[in-house]
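Report on one structure; see the data block that follows.
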Amino acid sequence: MFHGIIFKERPSEDICHHLSAKANQLVFDSEHHHIVTKRFLNVWVAQETELSSVSFTEVHHPRHAIIMAWTRLDNVNELILKHQLNPAITPAELILHLYFTLKEDCVKSLLGDFSFAIYDIDAQHLFCARDPMGIKPFYYWHHPLGFAFSTSLRFFHLLGTPTPRLEWVCKKLSHCIQGSSFEKTVYHQIYRCLPAHYLKITTERFEKIRYFNFHNEKIRLKSSNEYVDYYAAHLERAIKRRANVAHPLGAEQSGGLDSASVTAYALQHFASGAKDFHTFSFALNAKDPEAIFSVNQQHALPSAYVCCDPLWYLDSPNRACEVFGAPAHHEAAIQCEIFYHHAQRLGVRTLLSGFGGDECVASGNLQLYFYELLANQQYGRLLQAMPGNSLTRMLRTMRFLYVNRGHSGVPDNGVRQSLQTRWPAASIVAPALIEQYQIKKTYDELSQFSQGYNNLNAFILDYTLSPCSISARAEECTLMASRYGIEYAFPLLDVELIQCYLSIPSDEKYYRGQKRYLHRQAVAKHSPLCITSSNSKNTGARMTPYNPKAFILNEDLHPALLTILQKEKLWQQSQQLKTASRQDLEKPLLLQARHNIRTVNALDTWLKYFYPKGCDWQV
């Protein structure tokens with residue numbers, strides 16, 4: 001991680017010494033890492049490094065510049081060969097060389113996960129960039145002292161207490177945070193650099209520029225087998241890039257198709273083999289253990305860590321504040337901390353995740369494909385796409401055409417119905433604030449989900465690839481894992497793999513009602529049949545007992561929260577949860593109540609941690 005400030009005026013030695021002393025508080029693993037700081041006239045920068053690593057990369061000829069970087073680059077060797085560079089060059093030095101060669105276009109040459117800041121000391125010019133998928137975070141603040149930037153929001157608390165953003169908190173409490181601007185954070189003055197963007201900052205100008213977009217152009221191959229091979233080659237390359245490491249390797253294992261695929265391909269390219277490969281899983285439902293262990297059995301993996309309580313982190317309520325400096329945007333980031341903790345003890349330094357499969361490269365939204373065929377009047381293909389034998393396919397096609405006569409896109413769907421049912425329980429913010437921030441409107445728009453779409457790629461590009469869907473989870477998981485010295489890797493969020501999937505015609509992605517057909521065909525040789533043949537995500541009834549702490553509302557809620565909550569409704573929900581049966585806890589309204597209690601408690605912990613004496617909401 002790295003941090004820095006470009007001061008408006010040359011700072012005093014006392015200010016810089018104070019910052020350097022405070023910055024040491026940001027290191028979690030002082031045994032192996034430390035903060036290195038530097039000062040150049042009106043600049044103070046800090047980088048967290050391993051004790052044996054180079055602290056900063058500087059260049060003095062032809063210009064005086066410095067780079068701070070948090071990177072995992074996949075195409076280092078290709079770039080070294082292309083630009084005829086020293087093979088021993090570090091990734092940060094490589095980026096700096098590309099910057100002076102290509103200027104801002106240097107980011108278009110990089111493949112991987114990265115966040116970096118280059119300061120041209122002579123020109124007093126700052127250039128910052130973030131990877132296309134937003135895996136590595138980057139935040140900034142136009143602070144009264146100058147321009148401050150960091151890979152973690154907790155750094156900004158060293159510069160003074162930032163003001164909470166009331167709209168963000170209200171939408172978080174109403175479970176429609178995805179409907180807010182991802183560029184805005186929970187703090188009024190602080191923003192994040194969006195994925196696939198770079199920033200240019202001089203004394204006179206501040207520019208934000210997007211440098212990458214996926215495209216929707218289709219490739220044309222001769223046969224379905226060629227499409228499968230084309231996709232499989234990209235999938236294997238994406239996983240190989242992240243599994244080719246010299247230390248023990250870990251993989252999250254849910255028992256689903258995506259994580260099983262990542263594990264199977266990773267084992268083919270991990271030099272140490274099964275003996276140094278570890279899997280990490282949650283097993284809550286009846287069918288989870290069988291699916292999880294089928295992967296370990298097929299590949300003779302001796303090490304499997306299985307957790308039966310995804311809410312164990314409730315015992316460490318301050319963790320999000322300590323690591324993120326803010327409430328968690330996505331619960332998965334703190335939920336999986338138990339994996340990072342155990343992985344660290346095993347010496348695992350890279351952890352693979354299957355996140356991104358459902359969202360980007362193995363979409364199971366079969367309904368959208370039907371409407372795409374309907375919109376294009378491809379009735380013969382629609383007939384072939386339906387599940388069943390000849391007669392049932394014909395009957396299903398006729399019914400689909402009759403029901404959807406006049407419809408150009410997906411009509412009202414189950415997601416919308418479920419979320420609308422839960423709204424009475426979800427609306428725990430004061431009615432005046434719901435109206436002020438149009439929260440019900442935002443909630444309704446989110447609940448529409450795929451409604452109105454008749455093109456699979458359009459839905460992926462507009463909805464599932466949005467930063468709130470992808471980067472919100474990935475950046476926080478990256479931060480939390482880094483606390484344990486672990487590099488989080490997301491092979492299914494590989495940019496080239498996603499573009500490959502988008503470029504394949506939809507007809508090749510589904511077959512006779514089988515969801516995710518293309519992906520299943522590509523991984524069939526390596527993954528257990530019980531996983532590749534399953535067309536359902538039903539993992540059976542919940543078997544693990546519920547964590548009772550999840551139903552208990554914090555005592556003495558922070559005064560700032562009490563001013564914006566419907567306290568009586570929330571208290572009633574807490575009482576209902578305490579007395580409900582296991583079966584009732586799965587019903588929509590009580591499921592929503594559980595989310596409410598956890599969200600309120602998390603925000604209460606954040607406010608008490610950073611604002612123990614109270615705070616004034618800024619609209």
Please tell me whether [X] and [Y] form a close aromatic pair, meaning their ring centres lie under 6.0 Å apart.
X      : Y      : result
Phe2   : Phe116 : no
His142 : Phe206 : yes
Tyr140 : Phe147 : yes
His197 : Phe212 : no
Phe156 : Tyr187 : no
Tyr611 : His558 : no
Phe127 : Tyr198 : yes

Legend entry - From NZ (Lys103) to OG1 (Thr101), nearest 0.5 Å: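 Lys103 atom NZ to Thr101 atom OG1 measures 8.5 Å (nearest 0.5 Å).
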
Inset, instruction - Using side chain to side chain donor-acceptor pair (under 3.5 Å) as the criterion, point out the one residue from Glu337, Glu331, His341 that pairs with Tyr313. - result: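 It is Glu331, the one option of Glu337, Glu331, His341 that forms the side chain to side chain donor-acceptor pair (under 3.5 Å) with Tyr313.
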
Inset, instruction - For Thr464 and Ile460, indicate whether the former's side chain and the latter's backbone hold a donor-acceptor pair under 3.5 Å. - result: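 Yes.
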
Inset, instruction - Would you confirm whether Lys172, through its side chain, and His329, through its main-chain N or O, come within 3.5 Å as a donor-acceptor pair? - result: yes

Inset, instruction - Take Arg237 and Asp494 through the test salt bridge (charged side-chain N to carboxylate O under 4.0 Å, His left out) and record every step on the way to the result. - result: CA-CA 9 Å; Arg237 184 163 62 245; Asp494 184 271; over 6 Å; no

Inset, instruction - Start with the C-alpha distance between Phe324 and Met480, add both sets of side-chain angles, then the distance that settles side-chain contact (heavy atoms from CB on, under 4.5 Å), and finish with yes or no. - result: CA-CA 8 Å; Phe324 309 141; Met480 185 62 77; 3.8 Å; yes

